[in-house]
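Letters A, B, ... are given to chains in the order of the sequence lines, protein chains preceding strands, and every chain is numbered from 1.
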Amino acid sequence: MSTPKRAPTWFSARRLFERKLSELHHCTDLNQVNQIHAIIYKSNLHRDSLITAKLISAFSLCRRIDSAIKVFNQIEKPDLHLYNVFVRAQILDSQSSQAFATFFEMQINGVLPDTFTYSFLLKACSDQSWFKVVTLINTHLIKYGLFDDVLILNSLVNSYLNCGLMGFCLAEKLFSIMVDRDAVTYNCMLSGLVKVGKLDEALKLFDEMPERDTVSWNIVLDGYVRSGDLNLAIELFEKMPSRDSVSWCTLISGYSKSGDLKTARILFEKMPAKNLVAWTTIIAAYAAKGIVKEAIALYDQMQVASMKPDEGTIIGILAACAASGVLGLGERIHYSLNKSGYRCSTRVLNTLIDMYAKCGSLNGALTIFNGMEKKDITSWSTMIHASAIHGHGEMALHLFSKMKQEGFAPDRVTFIGILSACNHTGLVDEGIHLFYTMEKDYGVVPEIVHYGCMIDLLGRGGRLKEAFRLVQNMPFEPNNKIWGALIGACRKHYAVALAEEELKHLLQLDFTDSGSLSMLSSIYAISGDWNNFANARLRMRNIGCGKPSGASSVEVDNEFHEFTAMDQSHPKCDMVYEMIDGLTQHIKMRAAGHGAEAHFNLPVPVDDFMQRSTDQLYRNN
DNA sequence: CTAGGGTTAG
């Protein structure tokens, strides 16, 4: 006789609940969290600070910051632990300013922050714009006597390393005075050195370190990959004492980015336990190369292998679609997301906007944008840039004022977008106005990229003297992009004399931008100065110009077509050139004041063609 | 707290 099945008793249900409660802060299943939430309220446990803290963590893990906020707001007097959990939840949801608000609020309420609070806040300090905040936290730590804890000092070193050159110097200083360094301290510094490209110093530190774990080896592996020396990378990979998924993925990603898909694929097949990152890397690699069929096949295979795509997977593949202009795959993924009922995060939606825009569908981008209930600064900046690349300057300006109405403060990236919108549409005066108000009214200090936009804007608008004056007065040394914009402007407006005069000293500079050199040589060609022309051409040859040759690409019905200059290899080559000639004629007629109604014999209707084509410049190899 | 895929950028 078999043992009778026992009905679940009150006792076992209670035990189950207690077990779930103790693991609550690791739970990623929203339904379960909601259930437990309900039981907590019924059992009057919501006054227990530890349980509430776990609940906030759980909601944060399920990406439901709204629920976490509700729970937090119902607590009358949060303690340090609750404040910390809430700060971390806000940081994880990239609500940094709200997290700092919580940080101030707790101090007003007489709760003093501890090292945990500071370590969460430091996690938000991810780039140069946070440098001042990091120094501030540094002084706080000293003031409150928290400056001797390895954990927090490691966080501090790491944050400094994220903050540009100034940060790097302070990180080195801090590292040198730290007495209690542990493995993490060394690894932070090691990765900092690799990220600023100081591979030699990184290797030296690697040798000097008291102990090396897998993380250390992986950082050095990444260093070789970044330096482009994949042979050294694979050599290191082979002699590493231990390899984990990160080692494999670093290498696969390295080969993918270098364009060697074949080796990337071989490594992927050899990788023992393929994880989500490996799948994402290889799929995005095929998508970026425009090999759509294989990307789709792998995407399906991944699901057969019961790997569930996460946010990173979706963003990675969509970004690759955007970079290569493969609308078909992007649309397919968007469709499958909708069908599966996946709740797209703001970040995924932002990536979708960018993907549609860069693949030629401004309408697709707008549809996503308008349907978003929670837009962030990136959504607005992306949409502004989307209008810019489609030549809709007015739309970009409209979006710009609307985002301000909705309470968003434009940042450095927004300004790059809006200035380039003015540039693409010839809105010179609007651009100048925005540039001069960006610091005064918005507190955004112009960087060299913003100057680059302005110089391009002025130059294209024919205001060459102003462009040159701006270059002279800007607080930066001109880089290749600045020179490129100037030379391009001179060429466009046949300002040979100006180019000569202003660019004379340029020839002595260490000038390595192939595009600018080629434009410079064409200026000399126009002016008939064949000596300097030859000179410029010689310099181009010396720096190995033409290596990263530009290519246009377009995807039609899941097939990828690529074209380079003077390319005759395409099977429908004649039709392509016929189209180009027709379009050129079309543009010239439009420029001469003829309306769109002017009739041409084109093999495909113009709108259809414009809708589907992308003109993405990218580098071979 | 450190390493891998990953939104906006003349």
Would you call the rings of [X] and [Y] parallel, tilted or perpendicular, where under 30° means parallel and over 60° means perpendicular?
| X | Y | result |
| --- | --- | --- |
| A:H140 | A:F103 | tilted |
| A:H390 | A:H392 | parallel |
| A:F408 | A:W380 | tilted |

Nearest-angstrom distance from the residue atom [atom1] of [X] to [atom2] of [N]:
| X | N | atom1 | atom2 | value |
| --- | --- | --- | --- | --- |
| A:D127 | B:dA9 | CG | C1' | 13 Å |
| A:E447 | B:dT8 | CD | C1' | 14 Å |
| A:M454 | B:dG10 | CE | C1' | 11 Å |
| A:M403 | B:dT8 | CE | C1' | 11 Å |
| A:F476 | B:dG10 | CZ | P | 16 Å |
| A:Y451 | B:dG10 | OH | P | 18 Å |
| A:L352 | B:dT8 | CG | P | 12 Å |

Inset, instruction - Output yes when at least one side-chain N/O atom of A:H385 is less than 4.0 Å from OP1 or OP2 of B:dA9, else no. - result: yes

Legend entry - Base-contact (B) and sugar-phosphate-only (S) positions in nucleotides 2-7 of chain B, heavy-atom cut-off under 4.0 Å, - elsewhere: BBBBBB

Side chain to side chain donor-acceptor pair (under 3.5 Å) with [X]: which residues, sequence neighbours excluded?
| X | result |
| --- | --- |
| A:T313 | A:T280, A:D310 |
| A:E311 | A:S345 |
| A:E235 | none |

Legend entry - side chain to side chain contact (heavy atoms under 4.5 Å, CB included) partners for A:N154, two or more places apart: A:V150, A:M178, A:D182, A:V184, A:T185

Legend entry - A:E294/A:R265 salt bridge by N-O under 4.0 Å criterion: yes

Inset, instruction - Check A:T382, A:N350, A:T346 against A:D376 for a side-chain hydrogen bond (donor to acceptor under 3.5 Å, both in side chains) and give me the one that passes. - result: A:N350

Inset, instruction - Could you check which residues of residues 407-421 of chain A get a heavy atom under 4.0 Å from DNA chain B? Sort them by number, please. - result: A:R412, A:V413, A:I416, A:S420

Inset, instruction - Have a look at A:S155 and say if it touches a base, only the backbone sugar-phosphate, or nothing, with a 4.0 Å heavy-atom cut-off. - result: sugar-phosphate

